[in-house]
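Only one structure is covered here, and it is reproduced in the block below.
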Amino acid sequence: MPVDKKQIIEKEKVVVDGIELTAEWNRMFEQRVVFDYDTTTLDKVTNVAEAESMGWCYQCGQCIPVCPVDNVGEYGPRKIFRNLQLGMDLFASDDLWQCTTCMNCLRVCPKEVNMIKIMPAIREQAVLEGNVPEELQKAFTNTFEYGNPLGESQKKRADWVQGAGVPVPIMKDIKRPVDVLWFVESYPAYHIRGKQASAALAKIFNKLGVDFGILGVEEKDTCDSQRLAGEMGLFEEFAEYNIKTLKKYKFRQLLVTDPHALNAFKKEYPKRGGEFDVIHYTTFLAPLLEKLNLTNSLNYKITFHDPCYLGRHNGEYEAPRKIINSLPGVELIEMGRCREQSYCCGGGGGGMWLDGFMSDHVSERLSENRVREAVKTGANVLAVCCPYEVSRFEDAVKSTGNEGKLMVKDIAELIVEAMGN
Amino acid sequence: MASDNILVIGGGPTGMEAARGIASLGYKVTLVEKRPRLGGTPDASQYAALTPDLRSAEEAIGEMVDAVTNKPNVNLMLDTTVVGSSGSVGNFKVKAIQSGKEITIDAGAVIVCTGFTHFDPGRETQKYGYYEHDDVITLVDAEKMLKAGNFVRPSNGEKPKRVCFIQCVGSRDRQIGNEYCSKVCCGISSKQAIEIRQVVPDCKVFIFYIDMRMYGYWENEIYWPAQEKYKVNYVKGIATEIVKKGDQLIVKGEDTTLRRPMEVPMDIVILAVGMEPSEGTKKVADIFGLKKNKYGFIETTGGPLNTVSTEVPGVFAAGASTGPSDLEDCVSSAGAAAMKAIASLRAAVPA
């Protein structure tokens, strides 16, 4: 009878009574018979505030086909419950770090088992116990020390402005109220491709005559992904700092590039006294496009990736599409998994800083899976509007051998191209 | 001569509700019960709390008893067993033995409410060792203990640390001859699981099931609280057999979603026994010439549109005499039977 390889346990070294066994004895089959249902950890998990719903799963399995991780690996919310029932210690399991908090499971879960609350709550315990994957810890440490997960100098947070080619007012220099305060966030401020998208957005603002300003070196990471990855302490500290800093200035609207920042400002900062009228840049720009007089025909077939934290988490599906459809010479081809059903790029919930860790658990990266889907549509541009995605998808285009077939462009970059100057 | 009396046979919830309904509409009713008291199986088997609302069975059944005791139009005959019948719609002569004496009851129509009996887990197979192991009990045994507020291992009187339910015992089984689902056991097991967690909070409770059949509101009123609030563990796959190891029971089955055998120790195993027709149901069916289905329940004629008429004009059947029923079914069909019996009486006895 064929044996599933996963049922074979192979130890490098097996020592019994002080004698090391020869290699052939190092292979053993997994224990077949279930001798106990040790629900100690299940009870421990469901006793953690916000993680109660982990115990509500009735194994319908609807989460499995929509879980982006289970599409390329073996992790899935239903399985977490089942494994807990069978005695798994989630606090020490690799399963704890695989969820990207994309919310696709919650969308379909009839029992409302809420991984968006469960994962941060349990991860927080693991973080307090110092039980965190190394590369994620590095991102936490970077954020703590430098104010951003990339580990770049806080002093250089506004350096991208130099290359923007247009004026980008900085609040502490201009010393006046602005209409729109643009919270740039870390990746758009530091990452090479993020900076290009930021420069594009600055150009659009200048063309539209938007009265805007940025915090510059006063800005720190919103830490929403760090929170979802379990670093609650860090999040609290940074939230307090950002709220205090923003409150120094007068502005009508808070604009964000990053959907993760949008999520923080919409759902988490208000609980801590930071109530701002926050808007994503695509939502802001969609009604203003006519004013830009876009005339440069792009001749692109574009497919669009819905960011989890813009779409499922915060309900914006139309604005990015409205912008893309307004670009001259462009055809929008939807991927099968779009809007509410969109696939995750793998970057959320700490996934941005767990690619090495995840490589042991998945057959391909989530971003690679998504890029293959994008290529299949026949599109030559993958449009994005979340700063995690440009780098993730550009890497995936290379690793899947699709270089030259698919370009990854931020929606702001596409608008600037259509502006034609 | 036509009779304006309706005979209700069986003093359980169905019979009591039928009698109450008939009397409240101003018609005469004779309610016969072979036991010396009313209440039927919930009383005889000492049910603790009703499903799904966990209301005290004693209190709820007590209310039903009061509604038919010393009431105008209700002729209550306890300790009375029906033994024969002649005549037809409008004019039945029903023979009964009341406290050892034979009597005749005149009735224009008859409602059979003779109910069910709990499946005897030792009847066909002994794979769960009900008569072998003290700590293997049924829902009925557990209900008695829960009513007494003392849920312990029968073998040693100690509080259990691990209890499991095995679903579908005596139901959905071709070998046993009961292919039907007994309808209420999933709910009752879940209800008892909640009660056990209330009485013995540090006891782990497992329910091994094939499908959880929590129809309608039982889903959210029993199943979900059992899992979400009382942390009852539901595991798909019922046990095959029970073996004893030391003083513990080893429940052997398949963990079906894991696709592996399981052998887990338990202190008490509760068999979720289903429903079979009571002896009374089978006898009364024969007395009135009512058709029985292959399981011995009385066959009604109207499918889903008429759940109480039988092939014999003027004779109706309600509640668990017609098949597995919960209390809601019993009370609802009792009302339907009362209405139809009155209608048949009015047709036979023109006003």
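All chains are named by letter (A, B, ...) in the order of the sequence lines, taking the proteins before the strands, and each is independently numbered beginning at 1.
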Side-chain heavy atoms of A/Y37 within contact of B/V264, under 4.5 Å:
yes

Relative to chain B, which segment of A/S53 carries a heavy atom at a distance below 4.5 Å: side chain, backbone, both, or neither?
neither

Answer yes or no: are there more than 12 heavy-atom neighbours, outside B/K159 itself, under 6.0 Å from its atom NZ?
no

B/N233 CG to A/L84 CG distance, which is reported to the nearest 0.5 Å
10.5 Å

Rounded to the nearest 0.5 Å, what's the gap from CD on A/E52 to NZ on B/K231? Could you check?
8.0 Å

So how far is it from B/E228 CD to A/W56 CH2, rounded to the nearest 0.5 Å?
5.0 Å

Flag the pair A/Y58 / B/Y234 as yes when their ring centroid distance falls below 6.0 Å, and as no otherwise.
no

Would you say A/K79 and B/T257 make side-chain contact, with heavy atoms under 4.5 Å?
no

Atom CD of A/E129: over 12 foreign heavy atoms under 6.0 Å
yes

Is the number of heavy atoms from other residues, nucleotides or ligands within 6.0 Å of NZ (B/K245) greater than 12?
no

Closest non-hydrogen atom pair, A/R32 against B/R260
O-CD, 2.8 Å

Which residue out of B/K252, B/K229, B/E254, B/R162 racks up the most heavy-atom pairs below 4.5 Å with chain A?
B/R162

Sidechain-backbone polar pair: B/E263 side chain, A/V33 backbone, donor-acceptor under 3.5 Å
no

NZ of B/K204 to CG of A/D38: how many Å apart, nearest 0.5 Å?
7.0 Å

Smallest heavy-atom separation, A/P110 atom then B/W224 atom, equals O-CH2, 3.8 Å

Should the heavy atoms of other residues, nucleotides or ligands under 6.0 Å from OH of B/Y217 be counted, would the total exceed 12?
no

Residue B/I250 versus chain A: region with a heavy atom under 4.5 Å
neither

Close contacts, residues 86-95 of chain A versus chain B, judged by heavy atoms under 4.5 Å
A/L86

